[in-house]
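In what follows, every heavy atom counts, from backbone to side chain, and hydrogens, waters and symmetry copies are set aside. This one's a predicted model, so the numbers in the text were calculated from it and none came from an experiment. Heads up: numbering here begins at 1 and tracks the sequence.
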Amino acid sequence: MKLKAFIVSAAAAAVLLLLIGASYAWKDSIQYEAVMTVQQEDIVLRTEIAPFPPRMLAPATLTIHVNDHSGQPVNKAKVTASLSMPDMMCGRIEVNISEAEPGVYTGEAVPLMAGTWEALVVVHGGGSGVEASHSFEAVQ
């Protein structure tokens with residue numbers, strides 16, 4: 001009876017280790033992109049992060065291109081951005097965004113630690129509002 005219980009326990013431990021290994025392999029297989037484009041309402045929003053992948057505790061430029069449905073830049077839009085780690089409970093880091101040229105808004109984003117981050121971008125302009133999330137991995 002003790003041998004049977006040992007075999008069952010060993011098999012359960014082996015399955016658990018396989019599941020843990022598979023979850024790490026799945027996480028490593030996620031491919032994040034430096035550029036993301038979304039279209040909502042009458043706005044086309046393209047976000048870029050450079051350098052990519054960004055490094056923890058180092059500034060990365062967050063560039064946000066805002067165009068209307070015909071491709072014309074949306075000037076003087078209200079653009080906000082923040083960083084957060086979806087799997088952590090450490091709040092949001094606001095990114096100071098300013099208009100660099102018509103329809104192009106930039107800010108400096110600094111991920112505080114290595115891991116998965118989300119840049120939440122909110123745009124109000126041209127009579128419409130858009131909210132988009134750009135996920136990325138910060139490295140050491």
Does the Tyr105 side chain pair with the main chain of Lys78, one donor and one acceptor, at a distance under 3.5 Å?
no
Heavy-atom donor-acceptor pair, Arg55 side chain to Gln140 backbone, under 3.5 Å:
yes
When you measure from the side chain of Gln40 to the backbone N and O of Glu131, does any donor-acceptor pair fall under 3.5 Å?
yes
How long is the gap from OG on Ser84 to CD1 on Ile93, to the nearest 0.5 Å?
8.5 Å
Could you check whether any side-chain N or O of Tyr32 sits under 3.5 Å from a backbone N or O of Trp117, counting only pairs where one atom can act as donor and the other as acceptor?
no
From Val104, Val79, Val74, Asn75, residue fulfilling side chain to side chain contact (heavy atoms under 4.5 Å, CB included) relative to Glu99
Asn75
Would you give the length of the straight line joining atom CD of Glu33 to atom OG1 of Thr47, rounded to the nearest 0.5 angstrom?
11.0 Å
Heavy-atom side-chain contact between Thr61 and Ile49 under 4.5 Å
no
Give a yes or no on whether the backbone of Thr63 and the side-chain of Glu48 come within a donor-acceptor separation of less than 3.5 Å.
no
Residues Val123 and Ala77: closest non-hydrogen pair is CG1-CB, 4.0 Å
Do Val44 and Thr37 have side-chain heavy atoms sitting under 4.5 Å apart?
yes
Can you see which heavy atom on Ala109 is nearest to which on Leu83, and at what distance?
CB-CD1, 3.7 Å
Do Thr80 and Val121 have side chains that get closer than 4.5 Å, going by heavy atoms?
no
Do the side chains of Leu112 and Leu62 join up, straight or via other hydrophobic residues, at under 4.5 Å, putting them in one cluster?
yes
Should Ile97 and Ile64 count as side-chain neighbours, where that means a heavy-atom distance under 4.5 Å?
yes
Looking only at heavy atoms, the pair that brings Arg92 and Ser82 closest together is NH1-OG, 3.3 Å
Heavy atoms only: give me the nearest Gly115-Met85 pair and the separation to one decimal.
CA-CE, 4.0 Å
What is the minimum heavy-atom distance between Pro111 and Ala138, and which atoms define it?
CB-CB, 3.7 Å
Worked check of side-chain hydrogen bond (donor to acceptor under 3.5 Å, both in side chains) between His69 and Gln39
CA-CA 8 Å; His69 66 281; Gln39 182 170 357; over 6 Å; no
Are Val95 and Val38 joined in one hydrophobic group, where the rule is that I, L, V, M, F, W and Y side chains link up if heavy atoms are under 4.5 Å apart?
yes
Measuring only between side-chain heavy atoms, which start at C-beta, is Met88 closer than 4.5 Å to Met113?
yes
same_hphob_cluster(Phe52, Met36) at 4.5 Å side-chain heavy-atom cutoff:
yes
Could you check whether any side-chain heavy atom of Asp68 comes within less than 4.5 Å of a side-chain heavy atom of Asp42, counting everything from C-beta outward?
no
Do the non-hydrogen side-chain atoms of His134 and Glu118 ever get within less than 4.5 Å of each other?
no
Correct closest heavy-atom pair for Pro51 and Ala60 would be CD-CA, 4.1 Å
